[in-house]
Amino acid sequence: MTDQPISRPLWKEPTVLRLLIVAVLAEVGYAVLNISTMPVYLRNDRNFGASAVALVLTGFLISEAVMKGPMGHFADRYGSRRLMMIAPLITIFTCAVSLFLPRSDGGLAEIFSFVMLRLLDGVGAAMLWPSAFALMGNSVPDSKRQQGMSLLNMCYMVGIALALPIGGLVEDSTAAIFKNSTGSNSGGIMLAALLFGLVFLTAYRYIKTDAKPDDDDAEPQSIKTLLLTFKQIPAYLILSLVTFIGLGFPMTIIKFFALDEFGLTATQFGAFVMPGAIAMAVFSVPVSRMGEKWGKARAVHIGMALCATGISIICMGAFFKVFRVPLLLGLAGLPVGFGFLLVVPAWMASVSDLDPTRRAANIGAVMTAQGIGAVIGAPLGGVAYEKMVPIGDALKLTHLGHYSPFLAMAACLWAAFVLSLRILKEP
């Protein structure tokens with residue numbers, strides 16, 4: 001789409017606003033289902049052990065990561081709107097089946113069934129997000145593409161911030177109603193199904209079609225064309241992989257870290273995190289506009305450097321007591337948050353601009369690399385958090401074990417910064 005003047009804020013453009021509504025509803029739905037409700041539902045209502053719960057939820061992460069590349073290709077071939085309508089129907093189906101599966105108190109067949117359902121959820125998420133980013137890329141002028149990507153990023157932040165309180169409220173208020181039928185924690189699953197019903201209706205009614213299945217010039221979809229995408233942009237995929245391995249390291253232990261190192265309660269940790277998530281949502285668009293003025297490559301370089309610097313400051317707590325206070329953790333998070341808001345829209349806009357005819361395919365491939373990176377980093381961070389403790393004790397660095405995931409994250413982010421300097425250049 002060529003540059004055309006837009007007289008009002010980008011989010012007020014009807015095409016963009018409708019896409020943002022779909023994105024917010026979908027992210028709240030996925031976060032309610034996978035973060036707020038499913039872990040406690042499996043543990044309390046299905047009597048799953050902790051390892052079984054982890055296995056089920058990892059199924060979603062792996063499926064989403066692996067399938068984003070292929071689904072990006074399908075979006076290019078058959079239209080993003082079609083996939084954005086199919087995706088919520090898949091999760092509505094899995095929610096319904098989750099509620100009525102026969103109970104066996106965490107038996108193998110029951111665990112296997114839930115893993116399969118979450119794998120299907122991952123396919124749905126893989127359909128939705130590359131399609132949404134590709135549609136945004138196609139719907140805005142070239143000069144506004146970073147801002148459009150930042151709006152989708154804002155939807156992600158808002159979804160995460162809203163999902164935990166909304167999901168918890170629904171679960172608590174409906175626990176007594178569903179306790180003897182579908183389970184005391186099943187209200188959140190029903191809420192997720194309702195949200196995805198709204199996603200389907202909004203996409204069906206308001207998202208403009210972009211499908212061209214009968215176009216003779218359209219590239220045929222096959223494993224060969226998928227591999228071609230990976231071959232065309234290997235540097236971008238390596239950068240995505242390294243970055244998200246780093247981001248994955250503290251993913252599963254961040255709450256444990258706050259409780260173990262700073263003595264925060266779960267409620268205090270939630271209160272500590274939520275203002276930051278809301279602030280990032282509020283400042284997402286203004287920061288992206290700043291990035292537009294600097295240029296995509298420069299925004300990525302500066303953002304990466306800020307993220308790596310902030311995490312490096314946190315890492316100092318492994319060696320110096322003065323750095324082991326919650327206030328410093330919050331202050332160090334400021335450059336991390338600001339850098340994140342610079343990097344994500346500029347990075348997605350750069351990927352979107354690589355080949356306008358293959359936007360969804362390229363974005364899907366990059367998202368696949370990101371997801372694989374997170375799947376690699378998350379379990380490694382959990383292992384390091386436990387196994388590095390005796391090593392730290394032996395070195396007379398008693399806090400090294402708990403800080404080790406952040407040390408690994410800092411190393412990955414600095415490596416990603418160096419890679420970004422070589423890969424991304426201003427035109």
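Nothing here was measured: the structure is a model prediction, and the numbers come from that model.
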Out of curiosity, [X] [atom1] to [Y] [atom2], how far, rounded to the nearest 0.5 Å?
| X | Y | atom1 | atom2 | result |
| --- | --- | --- | --- | --- |
| Met409 | Ser312 | CE | OG | 10.0 Å |
| Thr15 | Leu20 | OG1 | CG | 10.5 Å |
| Leu419 | Thr243 | CG | OG1 | 8.0 Å |
| Leu397 | Phe319 | CG | CZ | 6.5 Å |
| Ser404 | His399 | OG | NE2 | 13.0 Å |
| Ile363 | Ser80 | CD1 | OG | 9.0 Å |

Return each pair, listed once, that meets side-chain hydrogen bond (donor to acceptor under 3.5 Å, both in side chains) where at least one residue sits in residues 328-354; pairs must be two or more places apart or across chains. Arg145-Asp353, Lys296-Asp353, Ser352-Arg359
Shortest non-hydrogen contact between [X] and [Y], atoms and distance:
| X | Y | result |
| --- | --- | --- |
| Leu19 | Met136 | CD2-N, 3.6 Å |
| Ala192 | Cys95 | CB-SG, 4.2 Å |
| Leu152 | Ala132 | CD1-O, 3.8 Å |
| Val22 | Met84 | CG1-CE, 3.6 Å |
| Ala308 | Leu413 | CB-CB, 3.9 Å |
| Gln370 | Ser240 | CG-CB, 3.8 Å |

Counting distance only, does the side-chain N/O of [X] pair as donor-acceptor with the main-chain N or O of [Y] below 3.5 Å?
| X | Y | answer |
| --- | --- | --- |
| Tyr236 | Val351 | no |
| Arg81 | Ile207 | yes |
| Ser139 | Leu135 | yes |
| Lys425 | Leu421 | yes |

Heavy-atom distance under 4.5 Å between the side chains of [X] and [Y], does that happen here?
| X | Y | value |
| --- | --- | --- |
| Val24 | Val28 | yes |
| Leu306 | Val336 | no |
| Leu334 | Leu331 | yes |
| Phe244 | Met367 | no |

Sorted by chain and number, sequence neighbours left out, ring-ring contact (aromatic ring centres under 6.0 Å, His included) with His402 holds for Tyr385
Mind checking what makes ring-ring contact (aromatic ring centres under 6.0 Å, His included) contact with Phe262, not counting sequence neighbours? Phe257
Audit row: Thr174, Met190, side-chain contact (heavy atoms from CB on, under 4.5 Å) steps and yes/no: CA-CA 10 Å; Thr174 60; Met190 298 179 190; over 6 Å; no
Flag yes if more than 12 heavy atoms outside Arg324 fall under 6.0 Å of its CZ atom; otherwise flag no. yes
Counting only heavy atoms not in Phe178, do more than 12 fall under 6.0 Å of its CZ? yes
Residues forming a side-chain hydrogen bond (donor to acceptor under 3.5 Å, both in side chains) with [X], sequence neighbours excluded:
| X | result |
| --- | --- |
| Ser184 | Asp45 |
| Thr37 | Glu171 |
| Arg18 | none |

Kindly indicate, with the supporting measurements, whether the criterion side-chain contact (heavy atoms from CB on, under 4.5 Å) is fulfilled by Trp414 and Thr309. CA-CA 8 Å; Trp414 281 118; Thr309 300; 3.7 Å; yes
Decide yes or no on side-chain contact (heavy atoms from CB on, under 4.5 Å) for Tyr206 and Ile21, but give the supporting numbers first. CA-CA 10 Å; Tyr206 296 112; Ile21 292 172; over 6 Å; no
Test Tyr403 against Ile314 for side-chain contact (heavy atoms from CB on, under 4.5 Å), laying out the working first. CA-CA 8 Å; Tyr403 277 88; Ile314 294 173; 4.3 Å; yes
Below 30° counts as parallel, above 60° as perpendicular, anything between as tilted: where do the rings of Phe323 and Phe320 land? tilted
